[in-house]
Amino acid sequence: MSEQEKPQEVTDDVVVSMEYTLTVDGDILDSTEDGEPLDFLQGHRNIIPGLEKELYGLSEGDTKDVKVIAAEAYGEIDLEALMDVPRSEFPPTIPLETGTELQVKDKEGEVRYATITEVGAKNVQLDFNHPLAGKELNFEIKVVGLRSPTTEELSHGHVHSEDHQH
Ligand code: ZN
């Protein structure tokens, strides 16, 4: 297929432009409404696998409702990602309340995100699971554009836009 030829349907190595609304537990968490569609390269894990696999064969203008189970989205809740930390290790600026989100540097100096899930007399429990772990995701999607990737996009495995070149 030459680069000029326009793909007719979603296959691997096609750049998909997609509008979507993400609903979790009945709440809209994310939507491209009033914004730009999401562009990504199909078949390169640019988006979550459970959504990507439902897009094959769709054409421009097609809509679809896609339900993605937790295991194919952000994973099941990992009980080992819960950690008890002594209250004394928290700086006074951090409110020790359930639901507080914070950033923690691990031993390698990597920043990790955690949520306070329990506040005890001595310890505070931190949850390092992704906030959407264990959740089923519901996407309403619409394919609004298909094109072939540039040679560079294909070799990088992702889409380049004017403000995102690397
Ligand atoms: Zn790149």
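Remember, predicted model here, so these are calculated numbers, not experimental data. Order of listing sets the numbers, starting from 1, for every ligand and every atom in it.
Atom CG of Leu96 is surrounded by more than 12 heavy atoms from other residues, nucleotides or ligands within 6.0 Å.
A salt bridge (charged side-chain N to carboxylate O under 4.0 Å, His left out) check over residues 135-147, counting only residues at least two apart or in different chains, returns the pairs Asp25-Lys135, Lys67-Glu136, Arg147-Glu153. Sorted by first and then second residue, the side chain to side chain donor-acceptor pair (under 3.5 Å) pairs involving residues 37-48 (not counting sequence neighbours) are Asp13-His44, Ser17-Asp39.
Checked against the Zn ion (ligand 1), the N, O or S atom of His156 at the shortest distance is ND1. Nearest N, O or S atom of His158 to the Zn ion (ligand 1): atom NE2. When the N, O or S atoms of His160 are ranked by distance to the Zn ion (ligand 1), NE2 comes first.
At a cut-off of 3.5 Å, with distance as the only test, a side-chain donor of Gln125 or Thr117 sits close to an acceptor on the other residue.
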